[in-house]
2 protein chains.
Amino acid sequence: MNLARGARRTAQLLPDGPGAALEEALRVRDEEIAASEAMATRGADLITELCGRAPRMLTHCNTGGLCSVVGGTALGVVLELHRRGTLRDVLASETRPLLQGARLTAWELTRAGVEFRVAVDGAGPFLMARGEVDAVVVGADRICANGDTINKIGTYAHALGAQRAGIPFVVVAPESTIDPDTTDGAAVEIEDRAAEEVTAGFPAANPAFDVTPSDLITAIVTDRRTIRPGRGERPDA
Amino acid sequence: MNLARGARRTAQLLPDGPGAALEEALRVRDEEIAASEAMATRGADLITELCGRAPRMLTHCNTGGLCSVVGGTALGVVLELHRRGTLRDVLASETRPLLQGARLTAWELTRAGVEFRVAVDGAGPFLMARGEVDAVVVGADRICANGDTINKIGTYAHALGAQRAGIPFVVVAPESTIDPDTTDGAAVEIEDRAAEEVTAGFPAANPAFDVTPSDLITAIVTDRRTIRPGRGERPDA
């Protein structure tokens with residue numbers, strides 16, 4: 001999210017005194033809240049358009065208020081559908097190795113009074129194949145100029161499942177996530193993290209993020225617009 | 001595997017006295033060992049034919065001696081490639097929720113002196129996309145008449161990853177796994193297991209197995225033959 005950028009913006013005003021910094025911090029907060037609400041509204045509208053009245057949603061990792069403000073990004077869309085009374089079911093993938101789905105998303109959905117089930121990451125594509133999911137919504141760490149999307153490891157596997165099941169795969173992220181200087185996913189170095197996150201005592205391959213090619217993405221919803229890579233639309237256009 | 005069938009065969013001879021039952025039990029054991037070795041040889045030959053000299057393999061769940069005899073099924077192929085000195089790398093997917101990969105496969109590979117890395121289930125397809133895997137080998141709980149394969153949850157997601165990466169996806173299982181009376185995967189009821197396996201305190205969707213459609217399977221290797229569903233070959237033919 002934009003928290004680091006917001007902190008930088010605020011810190012730059014510290015020489016002008018605490019009043020100026022506080023004012024800027026509140027402005028950052030208000031912008032973030034407005035962006036989150038805009039994504040929730042636009043995303044929920046799109047999901048309703050794509051899926052009809054009562055969608056069953058799957059989401060990966062945590063994209064709610066805990067990593068952002070108010071509803072966050074992808075989870076904000078789920079919560080908005082719930083507020084509208086048009087949400088039928090939610091699956092939260094547990095998101096190994098750090099279990100952001102099973103811990104944070106589960107906590108946020110419980111707090112919001114939304115019924116949900118946790119699924120292991122390997123089950124998501126099969127639950128789609130079995131006809132139990134109408135759309136997948138995820139966040140983004142970074143979006144390349146062509147729409148390739150870097151997000152928490154496991155996102156790509158869910159995108160493959162959605163494509164095979166013929167259901168929408170929607171990325172929800174603020175406009176600031178789009179990096180027009182990164183041509184595509186092949187240009188991105190993915191960090192491999194410590195084996196200890198995955199397993200005690202054995203070596204591990206532990207990429208923290210993965211790349212979802214833009215052809216698997218039905219739509220990218222930002223706070224300002226909806227981009228449809230499948231129709232040849234590009235984030236950098 | 002055939003353990004239940006072997007136990008039944010042995011138990012049927014108990015009325016003839018312990019000698020007859022023991023003789024049958026040893027026969028069952030010898031047949032299982034021969035089947036495992038036949039699968040290992042045929043599977044390793046096929047992987048070498050498909051991938052060239054030094055393949056990097058990914059396997060899911062546990063399919064080694066702990067669930068069978070000697071090398072087991074899919075893991076037996078990996079071990080045979082290692083014995084031949086032509087194995088370059090092994091990734092073992094951890095296999096949530098019960099972690100058969102991170103616990104059992106990791107233990108068996110260590111014991112056999114094979115270097116490997118564990119990966120979370122959500123990482124497998126991305127590691128394939130990044131070009132780090134040459135072939136995927138898995139076992140089977142049941143193989144339908146058309147080649148659709150029922151196996152541990154997460155298998156299907158790995159098959160989607162292999163297809164997209166353009167690498168072979170090979171099922172290794174004894175002939176007895178083939179069920180000619182089950183037309184296809186749609187006819188199979190998949191058991192949903194207790195939420196407690198996945199998460200403490202939240203509801204869960206926990207299918208124990210999934211269905212990999214035969215069009216995603218490059219080959220099925222049994223103790224008697226190699227079936228190539230992609231070429232229109234059927235297990236029940």
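Since we're looking at a predicted model, the values are computed, not measured.
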Residue part contacting chain B, namely of [X], when any heavy atom lies under 4.5 Å:
{"X": "Asn206(A)", "value": "neither"}
{"X": "Thr212(A)", "value": "neither"}
{"X": "Leu91(A)", "value": "side chain"}

Any idea which heavy atoms bring Phe202(B) and Trp107(A) closest together, and the distance?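 Minimum heavy-atom contact is CZ-N, 4.1 Å.
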Could you report the tightest heavy-atom contact between Asp210(B) and Gly122(A), atom names first, then the distance? OD2-O, 4.4 Å
Phe126(A) side chain near Ile190(B) side chain, heavy-atom distance below 4.5 Å: yes
With a 4.5 Å limit on heavy-atom distance, are the side chains of Pro97(B) and Glu94(A) in contact?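 Heavy-atom side-chain distance check fails, nothing below 4.5 Å.
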Is the number of heavy atoms from other residues, nucleotides or ligands under 6.0 Å of Glu197(A) CD greater than 12? yes
Arg111(A) atom CZ, neighbour heavy-atom count above 12 within 6.0 Å: no
Pick one of side chain, backbone, both or neither for Leu160(B), based on which atoms fall under 4.5 Å of a heavy atom in chain A.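 Both backbone and side chain of Leu160(B) come within 4.5 Å of chain A.
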Considering only heavy atoms, which portion of Leu58(B) lies under 4.5 Å from any heavy atom of chain A: side chain, backbone, both, or neither?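 For Leu58(B), there is no contact with chain A at all, as no heavy atom is under 4.5 Å.
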Greatest number of heavy atom pairs closer than 4.5 Å to chain A - which of Arg130(B), His158(B), Glu115(B), Arg103(B):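 The option with the most such pairs is Arg130(B).
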Give the member of Pro203(A), Gly154(A), Pro213(A) that has the highest number of heavy-atom pairs under 4.5 Å with chain B. Pro203(A)
Residue from Ala157(A), Ala102(A), Ala205(A), Pro207(A) scoring the most non-hydrogen pairs under 4.5 Å with chain B is Ala205(A)
Check this for me, if you would: do Asp192(B) and Arg117(A) make a salt bridge, where the nitrogen-to-carboxylate-oxygen distance has to be below 4.0 angstrom? no
